[in-house]
Amino acid sequence: MSAAPMSTDKPLLTVEHLTMRFGGLVANNDVSFEARAGEITALIGPNGAGKTTLFNCVTGFYTPTVGRLTLRHPAGKEFLLERMPGYRIAQLAGVARTFQNIRLFSGMSVLENLIVAQHNKLMRASTFAIGGLLGFPSYRKAEHEAVELAKYWLERVRLTEFADWEAGNLPYGAQRRLEIARAMCTEPVLLCLDEPAAGLNPRESAELAEILTFIRDVQTPQGHRTGVLLIEHDMSVVMRISDHVVVLDYGRKISDGDPEHVKNDPAVIRAYLGEDEDEALPPEVAADLNMPPTAGQAGAGQTSAQKGA
Amino acid sequence: MTMHSNTVSSAAGGAARGVDWAATIKDAGLAAFVALLLTVPLVGLRTVDRPTGLGIEARPEEVVASLLLVFLGRLGLGLIRQGMALPVLILALACAGVGLLLPMPTQVLRLVLVLGGGVIAIRAAMTVATGRSKLSQADRDKRMDRIAAKVQHASRYIGPVAVAFAAVLPLTPLADRMILDIGILLLTYIMLGWGLNIVVGLAGLLDLGYVAFYAVGAYSYALLAHYFGLSFWVCLPLAGVLAAISGVLLGFPVLRLRGDYFAIVTLGFGEIIRIILVNWYQFTGGPNGISGIPRPSFFGIADFSRSPAEGMAAFHEMFGLEFSPLHRIIFLYYLILALALVVNLFTLRVRKLPLGRAWEALREDDIACASLGINRTNMKLAAFAIAAMFGGFAGSFFATRQGFISPESFTFIESAIILAIVVLGGMGSQIGVVVATLLVIGLPEAFRELADYRMLAFGAGMVVIMLWRPRGLLAHRDPTILLHGGRNPAATGAAK
């Protein structure tokens, strides 16, 4: 049901041998994977598997202990993310992110949130506030364009009528969507979403999936397609929209491939359900994993899956 | 224990409308006993300097008076809680009236009656007022918010009127020396409040040492004039630049700190500057300060003195006026008015620019700012430097107006007052700063005779604000850009 992945030669993001240690704790251990433009790459794993840590490394909030993170722009420019200070990754490399617990500018209006996201562009246009203070027309034009971009994304996430609301007064689901719109207003090449479906009801989840597939499939004005890196616990969303799934457990990568492959990978089933063959699989977990009752080549989880379903 | 008995009796009183006299009097007696323990050593004994040495004098009258105050006050409070607010109000007013009008045998008794009666009357009046209205606390909050929003919207019209009033004030016959001096004082604090508002209100950085930049500006002018004989008009921009540099110097190491830690370091910085000024005797004159700071000329063309120095025209001759020492004061008044308006215009404009929006975003959530590629350090440094520059301008104005400066003028209490103005007015609110300045600086000036009670009233005012309007008097934020042009009523109506 997902669009065919774009077959570019080089991946957008290459993570090689990423290790992140906090003192004695190894949050990520030698993780390597790739994410492509025009694809949704989902990062899944049980709680504490190191997904958010990996995200923080990619988006510059942490500097990895070991490893290399390469981001290749469609124009051919390469960035070594592990060597860049945090804000530069968003500013120059074009990596935008959302947060597990929403971080909006809650006292500012919805539109202002989206304008702040275009800060660097506007700052240049206002010649570091001097031109803006003097009322140069170039700044006014840039601001107008910024509002147009904001309007475009407001339309996409269906928040146009709330544009002048204080962001903190929006309902929860709308805040989640606004955060995605704000990240997209930075015009990123890679969008990193940390559990965007957390706390959403099924209808809102479906809406979110629609927004994400739109972001993946739409051609940006610069003529490339955006890559999406997604952490998600809601398996129905993950399995439906992602093109590529990476599974982490205890900081290590245990599986990597398309959703179908990962779903049937014994290592993944073991990580999620434990090793004990005799234990019955809770039906809701089986449903989440979408396991066909007859699925089964080999593996520890197979028998229990059958029992549960 | 007293609290417990109070809540119980108030609950019972509310239901049955009866008054539990025994418990109330017992409670008041207990409070008076605690007061006795405290007042005997603190109020009752006074050290006096006698020729034979230090002696102790007993003051039983004052002790009895304060006991009476506490007893009656607590009794009144207890009765108010039990639904007797109206009788207490009438009694307290009667007490205050008697104390004020009838001749009293001692001054202390008069004070007890007036002060005690007045305070209890206010408390009772409040209860009567809130008891009558059927609004809940949240409703009242919302109503106050709507008032703040209205004032904010009205400031579009009030602002120009106020500016026009300020501009014509010196030309009216109303303007005597005192009015102008108070006006200059108020405008200086308004300017400082607006300057600090950039850091505290917009960027959300709690700066407890703003007076340091004021001091840098003042000393820059004083020292440049003293050592190099530079004129005010050369020094004004220089003072701003030097203050901005000191802001950046402070900002670099400090801006990685957050919240309380940041506030403490700025507090320390303010003290460091003052202590340097006190101790660098050879350069700054130490505690003696610098005197004979030159007064400003009329833009370098004319001088305001009766017989100006060589090569300078006299202002009154130049414009064919009668000589008046007021000319200089009026000029200073317009100068500070212009400087303050520059700060205000800057803030109003910068809020609509990416710089100002980034400041407000930093105040809201600085981690999200980093994720959007905003260089937080540069933004905060800019806020710091610009606010410091305005502080420097105000400082050099202060120096030229006083003609004499010493480290005494730049103590922590100045920082605290400027911060109080910003917080009281409502963080980020421009008109709030003006209102708060009138309250914090204007009222004490108007009631100079009560100067002894200034800090008391100041503290009480702050407590009242913290209880009723924790976000400041006129804390209301309007979006800097609207998509629907204000057609959407929910935008302002739903504001917290």
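Residue numbers start from 1 in every chain, and the chains themselves are labelled A, B, ... in the order their sequence lines are given, proteins ahead of strands. Atoms considered below: every heavy atom in the structure, side chains included; atoms not considered: hydrogens, waters and symmetry mates. Given the structure is predicted, the values throughout are model-derived calculations rather than measurements.
Atom CZ in A:R103 sits 12.0 Å away from atom CG in B:L372 (nearest 0.5 Å). Atom-to-atom distance recorded for B:N375:CG and A:R88:CZ is 7.0 Å, nearest 0.5 angstrom. From A:Y87, atom OH reaches atom CE of B:M379 across 9.5 Å, with rounding to the nearest 0.5 Å. Taken to the nearest 0.5 Å, the CG atom of A:N56 stands 11.0 Å off from the OG atom of B:S371.
Most heavy-atom pairs under 4.5 Å with chain B, from the set A:T160, A:L104, A:L92: that is A:T160. Highest contact tally toward chain B, considering only A:M108, A:K121, A:Q91, A:R97, is held by A:M108 [criterion: heavy-atom pairs under 4.5 Å]. Across B:L345, B:I374, B:T480, the residue that shares the most heavy-atom pairs under 4.5 angstrom with chain A is B:I374. The choice from A:T59, A:V95, A:L122 that makes the most heavy-atom pairs within less than 4.5 Å of chain B is A:L122.
Using a 4.5 Å cut-off between heavy atoms, A:L154 touches chain B through its side chain atoms alone. Interface residue A:K151: only side-chain heavy atoms are found under 4.5 Å from chain B. Looking at A:I115, the atoms closer than 4.5 Å to chain B (heavy atoms on both sides) all sit in the side chain, from C-beta outward. Only the side chain of A:T186 has a heavy atom closer than 4.5 Å to any heavy atom of chain B.
Side-chain atoms of A:N120 come within 3.5 Å of backbone N or O of B:G373 as a donor-acceptor pair. Distance alone, capped at 3.5 Å, is enough to place a donor-acceptor pair between the A:D164 side chain and the B:L483 backbone.
Proximity to chain B among residues 139-148 of chain A is limited to A:Y139, A:E143, A:V147, judged by heavy-atom separations below 4.5 angstrom. The interface of residues 360-369 of chain B with chain A, defined by heavy-atom distances below 4.5 Å, comprises B:E360, B:A361, B:E364, B:D365, B:I367, B:A368, B:C369.
Around atom CZ of A:F214, more than 12 heavy atoms belonging to other residues, nucleotides or ligands sit under 6.0 Å away. For B:Y157, the OH atom is loosely surrounded, since the number of other residues' heavy atoms within 6.0 Å does not exceed 12.
Residues forming a ring pair (Phe, Tyr, Trp, His ring centres under 6.0 Å) with A:F99 (at least two apart in sequence, or on another chain): A:F61. For B:F390, the ring pair (Phe, Tyr, Trp, His ring centres under 6.0 Å) criterion is met by B:F346, not counting sequence neighbours.
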